[in-house]
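To find a chain, count down the sequence lines: A is the first, B the second, and so on, and within it residues start at 1.
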Number of protein chains: 2
Amino acid sequence: MSNSKLYKGSLTTIILKLLNESDKMYGYEITQKVKELTKGELKITEGALYPALHKLEADGLLDVEVKKVDNRLRKYYKITENGEKESSHQLSELASYIATMQALVNPKLSLE
Amino acid sequence: MSNSKLYKGSLTTIILKLLNESDKMYGYEITQKVKELTKGELKITEGALYPALHKLEADGLLDVEVKKVDNRLRKYYKITENGEKESSHQLSELASYIATMQALVNPKLSLE
DNA sequence: CAAATATACATAATTTTCTTATGCATAAAA
DNA sequence: TTTTATGCATAAGAAAATTATGTATATTTG
């Protein structure tokens with residue numbers, strides 16, 4: 001996913017957040033959007049992305065719709081209601097993670 | 001390590017940071033210090049901690065010294081010069097991770 | 001025009017990192 | 001006296017990624 005192992009565990013948080021903002025996205029589009037938003041810092045590999053999308057779909061957090069565009073296949077993903085709930089849950093977990101890590105790494109700042 | 005999978009990958013960052021601040025610490029002491037600093041939010045399990053300490057030692061980032069205190073064994077760990085370098089590297093990776101995630105999750109805020 | 005790159009999906013083998021479950025041993029508290 | 005705390009350790013398994021492939025079409029570049 002990136003050079004830093006810290007990104008481990010944050011892939012579904014990212015996917016759900018992006019899909020919560022745009023109506024629908026397909027896999028390749030997600031990789032490009034992430035690259036763009038992070039100015040190349042974070043590159044999502046296909047080996048991580050596609051299994052993650054399949055799992056989110058199997059868990060009922062995403063719906064899928066296959067379309068043929070320019071003679072190429074695209075699988076559009078759309079977030080479900082449960083997906084929205086899970087997304088906001090994961091976003092608050094992210095905020096909590098960041099606060100906790102700052103308490104550990106910069107205890108003086110985090111007392112304020 | 002915690003209820004949230006986001007902590008995956010941050011254990012060595014935490015260990016190195018704590019050992020960079022205090023002269024030396026032993027394993028159990030690290031678990032207690034983390035629990036205290038995070039107000040119980042983060043509990044480091046032994047199954048994660050001890051293998052991590054062994055690996056850091058094998059990689060030359062920590063030195064170890066065994067002592068008997070109150071008839072109980074303690075393995076005190078001290079950070080090496082390479083460990084200090086690696087610690088500052090991992091801390092900047094953490095800062096970078098946080099910035100990147102905020103750019104993804106709250107793109108409006110992170111433009112400022 | 002041929003080769004490389006971009007678009008678009010997928011999976012399998014392996015690695016990393018953690019959880020859960022044990023195991024041993026001593027000391028203190030309930 | 002049994003549980004909890006202190007202190008270490010490892011093994012089996014799960015989760016999530018990397019790396020390496022594979023297939024296929026479209027576009028760009030030399």
#### Entry: Where at least one partner belongs to residues 68-87 of chain B, residue pairs that pass ring pair (Phe, Tyr, Trp, His ring centres under 6.0 Å), sequence neighbours excluded
Tyr26(B)-Tyr76(B)
### Query
Could you give the OH-to-P distance, from Tyr7(B) to dA17(D), as a whole number of Å?
17 Å
### Message
Against Val105(A), only a single residue in Leu94(B), Leu18(B), Ile14(B) fulfils side chain to side chain contact (heavy atoms under 4.5 Å, CB included); can you say which?
### Response
Leu94(B)
### Task
Would you give the length of the straight line joining atom CG of Leu49(B) to atom CD1 of Ile15(B), rounded to the nearest 0.5 angstrom?
5.0 Å
### Query
Quick one: is dG7(D) close enough that its OP1 or OP2 comes under 4.0 Å of any side-chain N or O from Tyr26(B)?
yes
### Task
Tell me which residues in residues 67-75 of chain B put a heavy atom below 4.0 Å from DNA chain D, sorted by number, or none.
Arg72(B), Leu73(B), Arg74(B), Lys75(B)
### Whole-Å distance separating the CD atom of Gln32(A) from the P atom of dT5(C)
16 Å
### Query
Would the number of heavy atoms belonging to other residues, nucleotides or ligands and lying under 6.0 Å from CD of Glu81(B) be above 12?
no
Scan nucleotides 1-4 of chain C against the protein and return all N/O pairs shorter than 3.5 Å with their distances rounded to 0.1 Å.
none

### Query
Please give, in whole Å, the distance from dT20(C) P to Ile44(B) CD1?
15 Å
### Query
Rounded to the nearest Å, what distance is computed from the CD atom of residue Glu29(B) to the P atom of nucleotide dA5(D)?
18 Å
### Query
Who pairs with Glu84(A) by salt bridge (charged side-chain N to carboxylate O under 4.0 Å, His left out), at least two apart in sequence or on another chain?
none
## Note on the structure
In this structure, CG of Leu19(B) is separated from CG of Leu53(B) (nearest 0.5 Å) by 7.5 Å
### Query
When we call it a touch if two heavy atoms are under 4.0 Å apart, what does Thr31(A) touch: a base, just sugar-phosphate, or nothing?
nothing
### Query
For Val34(B) and Leu42(B), which heavy atoms make the closest approach, and how far apart are they?
CG1-O, 3.6 Å
### Message
Without decimals, in angstroms, what is the distance between Lys8(A) NZ and dA14(D) C1'?
### Response
13 Å
### Query
Would you say dT16(C) has OP1 or OP2 under 4.0 Å from some side-chain N or O of Lys5(A)?
no
### Task
Determine, for Glu21(A) against Lys17(A), whether the closest basic-nitrogen to carboxylate-oxygen distance falls under 4.0 angstrom.
yes
### Message
Please enumerate all residues that pass side-chain contact (heavy atoms from CB on, under 4.5 Å) together with Thr80(B), with sequence neighbours excluded.
### Response
Asp63(B), Asn82(B)
### Message
Can you list, in residue-number order, the parts of residues 46-66 of chain B that come under 4.0 Å of DNA chain C, counting heavy atoms only?
### Response
Gly47(B), Ala48(B)
### Query
Would you say the side-chain atoms of Ser88(A) pair up with the backbone N or O of Lys85(A), donor to acceptor, closer than 3.5 Å?
yes
#### Entry: Atom-to-atom span, NZ of Lys43(B) to C1' of dC18(C) - whole angstrom
17 Å
### Message
Is it the case that the side chains of Thr100(A) and Tyr7(B) hold a donor-acceptor pair, with the cut-off being a distance below 3.5 Å and no angle test?
### Response
yes
